[in-house]
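Naming convention: chains lettered A, B, ... in sequence-line order (proteins, then strands); numbering from 1 in each chain.
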There are 2 protein chains.
Amino acid sequence: MARPSQNLDQRLTRVGRRHLTRRGSARFSVRELCAEAGVNLGMFHYHFRSKAAFISGLLEEIYNPMFARLNLAAGSGQDPVEKLRSALRVFGGWVTEHRVLLSRLAADLLGGESNVAAFIRTAEVRHIAVMVGLILECQRADRFPPGHPGEIMVFIGGATFLPLLVGTLAQNNKHLPAPIRAVLKDGTLFTEAALSRRIDAALRGLTLPLPKLRA
Amino acid sequence: MARPSQNLDQRLTRVGRRHLTRRGSARFSVRELCAEAGVNLGMFHYHFRSKAAFISGLLEEIYNPMFARLNLAAGSGQDPVEKLRSALRVFGGWVTEHRVLLSRLAADLLGGESNVAAFIRTAEVRHIAVMVGLILECQRADRFPPGHPGEIMVFIGGATFLPLLVGTLAQNNKHLPAPIRAVLKDGTLFTEAALSRRIDAALRGLTLPLPKLRA
DNA sequence: CTTGTTTTTATACGACCGTATAGTTTGCGC
DNA sequence: GCGCAAACTATACGGTCGTATAAAAACAAG
């Protein structure tokens, strides 16, 4: 056929994931990535059309396997609360594993950066719909109080996953005041046991009337 | 003496505060600011030496009045817990007032931007020391449990002020999933009453043995 | 009117960025 | 060997950015 590939595309995706983790999508630099990977600048747009497409592809590579496992967890079993618990464990484990990258992306998103926003909006983020569906199932089975499932979603996410992102950001940020960083030093926040405790507590809390969510 | 000033420096600081609020410090553009203000680009570096100096000056202008009121509140009264409560109210009111700007700066800070980080580190942020001092006072008076005051600081801040920043970011972000935004629509999060409730609850919670801070 | 000082303007420099494009290398089937 | 196509290289374009600098404008004092 033609000249055999040196698989520079694979090298770029591998180093690109590291680069995205370190720099976030806002300060992501194509030229810097190519230099890190020892790859000619032209190869970037040869293999991937644009910076946005590259980042979007990276995110899909990271997101899709989790989503497959999430659907598996959400579909197996009878008890709706247990199905939700399984799904939350899958998602929480994924957030824990990729917390450095995800927290950086979250910071970018909140700062108004657009590459991540595009990925989130272009229907590639589908786990929320699955979660809401499970919550609705719980409500129909009278296991959860009635009301807007989004509010329950926010409650669960805030109690279980948000601490992972905020904690990671704070931990990795040298500019934050020392007392805030000191609390995160031991790292028990990121263990699977602690995650399960938070999930269990959140679900247990929901079988009671949903508290007023003031914060 | 010489050519009379048109006070373009004042115009720049006024429009600059708006620009900083809208764009954050990471995407702050000197050229764009000058265009918005209808001021020649050269005037920016004539009045203010650099972009970093300009932003730092803006932050001081916003921070210093609050710090003065904070010291006043922290110094008047006898009961250490009440002094702390007053100081927290001052700080919380200030965070509420400037929540749009502050939340954007927080996002920048977590994203690794350096202008805000410089301001925080160059000893211009002194309220934390005052707060820690008041906490120590409470501990010496046996009103608070012993232990690292930083941990108590984080607990209070997380329960009272962090929700303001996170809520503002989520509220202003069109890219976030709808269910998350819907919860923040009513705006009761930002009332003075809600702030006082959170402060009171946090302080009340501290007079009991400090709970394990897992999240 | 001239001199001097301050404010204001216009323009240029150098750096970085994402992207485009023309050209070169390299191996295949013929 | 030859042509072809895919992989790879080198370089350039156009843009934004913060900053620097030289010149002009505007007023007061002499």
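When each of D/dA10, C/dA10, D/dG18 is scored by its nearest atom to the side-chain atoms of B/K51, the top-ranked nucleotide is D/dG18. Ranking D/dG18, C/dT6, C/dT26 by closeness to the A/P4 side chain, first place goes to C/dT26.
Using modelled atom types, one side-chain atom of A/R104 and one backbone atom of A/T21 make a donor-acceptor pair closer than 3.5 Å.
Map B/V39 and A/S50 each onto its nearest nucleotide of DNA chain C; the residue landing nearer the 5' end is B/V39.
The CZ-C1' distance, from A/R31 to C/dA15, rounds to 11 Å in whole Å. Nucleotide C/dG18 holds its C1' atom 17 Å from the CE atom of A/M43, rounded to whole Å. Rounding to whole angstrom units, CD of residue A/E113 and P of C/dG18 are separated by 11 Å. In this structure, CG of A/N40 is placed 15 Å from P of C/dG18, rounded to the nearest angstrom. If you measure from atom CZ of A/R27 to atom P of C/dA15, you get 21 Å, rounded to the nearest angstrom. For the pair B/R49 CZ and D/dT21 P, the interatomic distance rounds to 15 Å; values are reported in whole Å. Atom CZ in B/R23 sits roughly 12 Å away from atom C1' in D/dT16 (whole-Å rounding). For the pair B/F44 CZ and C/dT7 C1', the interatomic distance rounds to 17 Å; values are reported in whole Å.
Looking at heavy-atom distances under 4.0 Å, B/F48 makes no contact with the nucleic acid at all. Counting any heavy atom pair closer than 4.0 Å across all strands shown, A/L41 reaches a base atom. Note on B/F28: only backbone sugar-phosphate atoms sit closer than 4.0 angstrom, heavy atoms only; bases stay farther off.
Under 4.0 angstrom from either OP1 or OP2 of D/dC8 there lies at least one side-chain N or O belonging to A/H47. For the pair B/Q6 and C/dT8, the criterion of a side-chain N or O lying under 4.0 Å from OP1 or OP2 is met. The phosphate of D/dC8 has neither OP1 nor OP2 within less than 4.0 Å of any side-chain N or O from A/Y46. Checking the phosphate oxygens (OP1, OP2) of D/dA20, no side-chain nitrogen or oxygen of B/H45 falls inside 4.0 Å. An OP1 or OP2 oxygen of C/dC17 is reached within less than 4.0 angstrom by a side-chain nitrogen or oxygen of A/S29.
Side chain to side chain, B/R69 and B/N64 fail the donor-acceptor criterion of an N or O pair below 3.5 Å. A side-chain donor-acceptor contact under 3.5 Å links B/E36 and B/H19. Looking at B/R89 and B/S196, their side chains do bring a donor and an acceptor atom within 3.5 Å of each other.
No hydrogens or angles were tested; on distance alone, nothing pairs the side chain of B/R3 with the base of C/dT8 as donor and acceptor under 3.5 Å.
The structure places CZ of A/F48 at 9.0 Å from CE of A/M43, a figure rounded to the nearest 0.5 Å.
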